[in-house]
Amino acid sequence: MLEVKAEHLSFAYEKELVLGDVSLHAKPGDFICLLGQSGCGKSTLLRLIAGLEKSDPNQLQVGGKPVEKPSLDRAMVFQDYGLFPWMSAGANIDLALKQKFPDWSKEKRKETTLLWMNNLGLEESLYDKLPLDLSGGQRQRFATARAFALDAPLMLMDEPFGALDAVTKALLQDTVLQLWDKEEQRKTVFFVTHSVDEALLLATDIVVLGQSPSRVIYTHHFEEGHRPQRDTMFSDPEVMELRNTLFRIIDQEIQSKAKAAREAGV
Ligand SMILES: Nc1ncnc2c1ncn2[C@@H]1O[C@H](COP(=O)(O)OP(=O)(O)OP(=O)(O)O)[C@@H](O)[C@H]1O
Ligand SMILES: [Mg+2]
């Protein structure tokens with residue numbers, strides 16, 4: 001549970017300004033769901049928080065300090081899974097544990113790896129498979145298991161359930177929520193998704209980024225005890241109103257980007 005503070009954060013890859021002016025404050029234990037159209041800079045924002053891209057020290061702070069480089073207190077689930085293809089999926093988790101917990105025995109690492117595989121619904125027989133021999137959904141689950149196994153106070157999850165079927169997705173959403181909720185000190189989570197419903201179900205705070213160069217165009221905070229629940233949210237008028245608002249805002253951004261492209265003759 002680390003706090004993350006972005007104040008007028010801007011970022012460019014070479015000359016392309018991706019983040020224009022992003023301000024947000026994640027308090028320790030917040031579960032922030034980031035929404036926004038493709039290319040608006042969601043992954044870039046996570047990479048900046050992870051320390052994989054360089055940010056202005058005055059514009060982005062994690063745990064009260066500027067982000068200088070990657071750190072083991074931040075676990076990332078990459079959009080493309082980020083598993084090393086030359087080692088087995090299980091060995092990918094084992095390696096991360098070795099880096100984070102150098103004193104652990106081989107047995108303890110194996111036991112922890114199998115525990116997290118099991119938590120994410122991965123059979124033990126998948127341990128020795130190479131990532132390329134797994135399905136997309138299994139790869140996503142290995143990447144998620146690895147992030148949880150590291151027990152980092154800040155979790156950066158980039159569309160972790162994008163490649164899953166609806167049933168598995170629902171199971172894993174519940175698993176992630178339970179794991180986050182049961183801890184005395186909840187982890188701070190940034191979770192990128194394209195699904196408004198997923199955001200409604202998981203978030204303490206929903207943050208929508210506008211088109212690139214992006215800024216925050218909408219936020220919603222759920223008070224503790226008033227977060228939407230899977231079995232009741234679709235019959236709750238307040239949640240449905242918020243859902244419509246989110247769809248409308250995202251749709252407006254898509255329309256205005258398309259219009260700007262037409263006017264520019266693209
Ligand atoms: N390494 C890079 N070098 C140069 N440009 C990049 C790089 N990574 C991303 N970009 C550009 O930055 C912009 C934002 O990319 P980013 O991956 O952050 O978007 P996103 O919101 O995560 O999109 P999606 O929803 O499709 O994953 C895009 O225009 C992309 O082409
Ligand atoms: Mg992305």
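As the structure is a prediction and not an experimental result, all values here were calculated from the model. Whatever order the structure lists ligands and atoms in, that order sets their numbers, starting from 1.
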K.L.:
Closest heavy-atom contact between T188 and K27?
P.N.:
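Nearest heavy atoms, T188 then K27: CG2-O, 3.8 Å.
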K.L.:
With atoms numbered from 1 as shown, which atoms in ligand 1 lie under 4.0 angstrom from a non-hydrogen atom of H194?
P.N.:
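It comes down to these atoms of ligand 1: 25 (O).
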K.L.:
Show, in sequence, the C-alpha distance, side-chain angles and deciding distance for S43 and D158, and conclude whether the side-chain hydrogen bond (donor to acceptor under 3.5 Å, both in side chains) test is met.
P.N.:
CA-CA 7 Å; S43 297; D158 199 351; 2.6 Å; yes
K.L.:
Tell me which protein heavy atom sits closest to atom 26 (O) of ligand 1, plus the residue, atom name and distance to 0.1 Å.
P.N.:
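Answer for atom 26 (O) of ligand 1: S38 OG, 2.5 Å.
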K.L.:
Looking only at protein heavy atoms, which one is nearest to atom 9 (C) of ligand 1, and what is the separation?
P.N.:
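Checking every protein heavy atom, the shortest distance to atom 9 (C) of ligand 1 gives Y13 CE1, 3.4 Å.
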K.L.:
Under 4.0 Å, heavy-atom basis, I'd like to know which part of V18 is in contact with ligand 1: side chain, backbone, both or neither.
P.N.:
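V18 to ligand 1: side-chain contact only, backbone stays beyond 4.0 Å.
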K.L.:
Measuring from the heavy atoms of R47, does anything fall under 4.0 Å of ligand 1?
P.N.:
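Judged by the 4.0 Å heavy-atom criterion, R47 does not count as contacting ligand 1.
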K.L.:
Looking at R74, K187, R146, which hits salt bridge (Lys or Arg N to Asp or Glu O under 4.0 Å) with D151?
P.N.:
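For D151, the salt bridge (Lys or Arg N to Asp or Glu O under 4.0 Å) check succeeds only for K187.
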K.L.:
Does ligand 1 have any atom sitting under 4.0 Å from a heavy atom of G41?
P.N.:
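Distance cut 4.0 Å: G41 passes for ligand 1.
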K.L.:
Taking heavy atoms and a distance under 4.0 Å, where does E14 meet ligand 1: side chain, backbone, both or neither?
P.N.:
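Neither; no heavy atom under 4.0 Å.
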K.L.:
Can you label the angle between the W104 ring and the F101 ring as parallel, tilted or perpendicular, going by 30° and 60°?
P.N.:
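Parallel: the ring planes of W104 and F101 meet at under 30°.
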K.L.:
Given the rule that I, L, V, M, F, W and Y join up when any side-chain heavy atoms are under 4.5 Å apart, are F222 and V189 in one cluster?
P.N.:
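Each belongs to a different hydrophobic cluster.
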K.L.:
Counting each atom of ligand 1 from 1 as listed, which ones have a heavy atom of Q79 under 4.0 Å away?
P.N.:
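So the atoms of ligand 1 that pass are 27 (O).
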K.L.:
Looking only at heavy atoms of G36, does any of them come nearer than 4.0 Å to an atom of ligand 1?
P.N.:
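No; G36 lies far enough from ligand 1 that no heavy-atom distance drops under 4.0 Å.
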